[in-house]
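See below for the structure under consideration.
When a residue number appears, it is its place in the shown sequence, counting from 1.
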Amino acid sequence: MSIPSAVKSTPIESRQQLTDYLAAGEKPREAWRIGTEHEKFGFRTDDLRPPTFEGERGIRALLEGLASRYGWDIAREGETPVALTRGKANITLEPAGQLELSGAPVETIHQTCCEVNAHLEEVRSVADGLGLGFLGMGFQPKWRRDEMPWMPKGRYKIMREYMPKVGNLGLDMMTRTCTVQVNLDFSSEADMIKKFRASLALQPVATALFADSPFTEGKPNGFLSYRSHVWTDTDSHRTGMLDFVFEDGFGYERYVDYILGVPMYFSYQDGRYIDLAGQDFRRFLDGKLDAVPGTRATMKDWADHLTTAFPEVRLKQYLEMRGADGGPWNRLCALPALWVGLLYDDQALDAAWDLVKDFTMEERHALREGVPRQALKLPFRGGSVRDLAAETLKIATHGLKRRARLNRNGADESIFLEPMIEIVEANQTPAERKLELFHGPWGGSVDPVFREFAY
């Protein structure tokens, strides 16, 4: 969501402005939308290496090809193209050139899936001519961290230097992970709280269902969602399960407290990123940062700072579901279907909350910590996460059926949950399927993944 230019330069003079910014996301039900984002790994089809930014077969050439052929506008940092915009959709670059579609806000999952398919076709048509392919998985299966390229974005330079100071896997998060997430609306503070709590408690279920990152540098890594594990050793100040969300009194103000305690990365001023990594945003509010003496934070700085926290569910002027590995096109439609089914129907939201409301903090943490390795097979309350996933999908299915948003053939949005239901019925995650292939037909090589699972 872009900030009106009149607001961008507004100085922050009171804490209430920060709370009001979050509350400004409230929308009546008829204005609720679905915004889906997904990232994917590029690779050169001849040697499987990730493309660099420059060069005949680089990411820059891909961006410029998409712009010229399909009417995207190029956004630049200085002279460098770093993103594309068209209407309310954006194509952006992750640190190692992972290509991200931030979809336009749409009303139905049918529209989401059409958008995803059209995007993948556009990308494929340009990439084919460059000898590039794209793969949806949670973690780069083949290449080492030092073999990944870096994109020329000022924000990433700052993060790259800061990450090793606060965790061991932050650079892996930046260069070797991909996710799919969905951004959803709320009508009031009470509605936000209920959705935040239910979705945060169920985020490990999504992680289990979408687990698709079992390889590191060509070998099994002992995890089913290594991407999810990477986040546990990235930066403890800005990640995790946010226990305070479940405490009495949680609301916009408490989330503002949390974000104010997250160390800064940068301030974007006059077209450049100023390195403020590790600085205290509260001091920035008072104009007391030595790197920018006398400069006080604006609402644009606050909006930027909100994007530098990475919990499993994130609040901006909407809620972001952040627990899933990237995957093939049908799972890019399944993820928003899951969360819309759970959160956009009152009966389903009540049922989802009933499912998780008596989870203890210890149980929530046990799910978060155990799912990356065991996914659906993680024991839980006398059963397993598979049982929890089956119940979650049942609630989501009923929620989508009650929404009754039909396509031209009269099918409702619950059709998009079918890949998830198959995963639960087979009790086999995408990661386990790939491990089976690795130990069988692939003969101990991950190279076939780039052929068999590319978009």
Side-chain angles (χ1 to χ4, degrees), residues 1-3 18-38 88 100 102-109 112 179-207 210 231 238-247 250-259 262 302-324 334-346 348-353 355-357 364 368 392 395-396 399-400 403:
M1 180 178 294
S2 59
I3 312 169
L18 311 183
T19 309
D20 289 347
Y21 179 80
L22 298 177
E26 294 174 3
K27 295 181 180 66
R29 182 183 296 269
E30 61 271 17
W32 291 356
R33 294 294 181 265
I34 304 159
T36 305
E37 304 179 19
H38 79 270
K88 292 186 175 180
E100 177 174 3
S102 297
V106 299
E107 293 184 40
T108 72
I109 310 296
T112 295
T179 187
V180 52
Q181 67 181 56
V182 63
N183 307 324
L184 298 174
D185 291 314
F186 46 85
S187 61
S188 64
E189 186 170 34
D191 186 45
M192 179 279 290
I193 293 165
K194 193 169 184 180
K195 285 173 175 170
F196 206 145
R197 288 172 173 167
S199 61
L200 188 55
L202 285 171
Q203 215 57 226
V205 172
T207 302
F210 286 77
W231 279 110
R238 62 185 86 238
T239 59
M241 287 294 281
L242 305 190
D243 297 324
F244 66 83
V245 169
F246 299 94
E247 294 171 0
F250 171 67
Y252 299 135
E253 285 200 26
R254 182 67 186 82
Y255 196 81
V256 166
D257 286 341
Y258 161 66
I259 293 293
V262 171
W302 176 242
D304 285 342
H305 189 52
L306 283 164
T307 71
T308 66
F310 308 116
E312 295 293 290
V313 176
R314 178 163 70 183
L315 175 62
K316 295 198 284 194
Q317 290 182 320
Y318 43 83
L319 286 165
E320 298 180 354
M321 308 297 127
R322 299 175 50 82
L335 191 275
L338 173 69
W339 291 114
V340 167
L342 292 170
L343 304 184
Y344 272 14
D345 173 81
D346 289 344
L349 180 55
D350 285 341
W353 178 235
L355 186 63
V356 301
K357 66 185 178 187
R364 289 193 299 268
R368 171 67 186 91
T392 302
I395 295 168
L400 293 174
R403 256 172 68 84

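Of the residues Arg368, Arg364, Arg322, the one that meets the salt bridge (charged side-chain N to carboxylate O under 4.0 Å, His left out) test with Glu312 is Arg368. Tested against Arg29, the residues Asp191, Asp346, Asp185 include a single side-chain hydrogen bond (donor to acceptor under 3.5 Å, both in side chains) partner, Asp346.
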Test log, rule side chain to side chain contact (heavy atoms under 4.5 Å, CB included), inputs Leu184 and Lys195:
CA-CA 9 Å; Leu184 298 174; Lys195 285 173 175 170; over 6 Å; no

Apply side chain to side chain contact (heavy atoms under 4.5 Å, CB included) to residues Val313 and Leu242 and explain how you reach the verdict.
CA-CA 9 Å; Val313 176; Leu242 305 190; over 6 Å; no

Verdict with reasoning, Glu37 to Val180, per side chain to side chain contact (heavy atoms under 4.5 Å, CB included):
CA-CA 6 Å; Glu37 304 179 19; Val180 52; over 6 Å; no

Before you tell me yes or no, could you show the steps for Leu315 and Ile259 under side chain to side chain contact (heavy atoms under 4.5 Å, CB included), namely the whole-Å CA-CA distance, both residues' side-chain angles and the distance that decides it to 0.1 Å?
CA-CA 10 Å; Leu315 175 62; Ile259 293 293; over 6 Å; no

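Heavy atoms only, all atoms of each residue included: Ala31 and Lys27 are closest at O-CD, 3.7 Å. Summarising the geometry of Glu189 relative to Glu26, their closest heavy-atom pair is N-OE2, 3.3 Å, with the distance given to 0.1 Å. Closest heavy-atom contact between Ala198 and Val356: CA-CG2, 4.2 Å. Nearest heavy atoms, Ala352 versus Leu342: CB-CD2, 4.2 Å. Counting all heavy atoms, side chain and backbone alike, Ala309 lies closest to Val262 at CB-CG2, 4.3 Å. Smallest separation of non-hydrogen atoms from Pro336 and Ile34: CB-CG2, 4.0 Å.
Using a 4.5 Å cut-off on side-chain heavy atoms (C-beta onward), Thr36 and Leu335 make no contact.
Under a 3.5 Å cut-off, the side chain of Gln181 and the backbone N or O of Glu320 do not form any donor-acceptor pair. The closest donor-acceptor contact from the side chain of Gln317 to the backbone of Tyr21 lies under 3.5 Å. Here the side chain of Thr207 pairs a donor or acceptor atom with the backbone of Gln203 at under 3.5 angstrom. Counting only distance, with no hydrogens or angles, the side chain of Arg314 and the backbone of Thr307 share a donor-acceptor pair below 3.5 Å. Side-chain atoms of Thr19 do not come within 3.5 Å of backbone N or O of Glu253 as any donor-acceptor pair. Between the side chain of Tyr344 and the backbone N or O of Arg33, at least one donor-acceptor pair lies under 3.5 Å.
Residues passing the side-chain hydrogen bond (donor to acceptor under 3.5 Å, both in side chains) test with Ser188: none are found, sequence neighbours excluded. With sequence neighbours left out, Arg238 forms a salt bridge (charged side-chain N to carboxylate O under 4.0 Å, His left out) with Asp235. By the ring pair (Phe, Tyr, Trp, His ring centres under 6.0 Å) test, Phe310 pairs with Trp231, sequence neighbours left out.
Remark: Phe186 CZ to Leu343 CG distance equals 12.0 Å, nearest 0.5 Å. Here Phe246 contributes atom CZ and Arg197 contributes atom CZ; the two are 8.0 Å apart, rounded to the nearest 0.5 Å. Within the model, atoms CG of Leu355 and CG of Asp350 stand 12.5 Å from one another, a figure rounded to the nearest 0.5 Å. Between atom NE2 of residue His305 and atom CG of residue Leu18 there is a gap of 10.0 Å, rounded to the nearest 0.5 Å.
Under the 30°/60° scheme for interplanar angles, the aromatic rings of Phe250 and Phe244 are found to be tilted.
Aromatic rings of Tyr255 and Tyr258 (six-membered ring for Trp) have centroids within the 6.0 Å cut-off, being under it.
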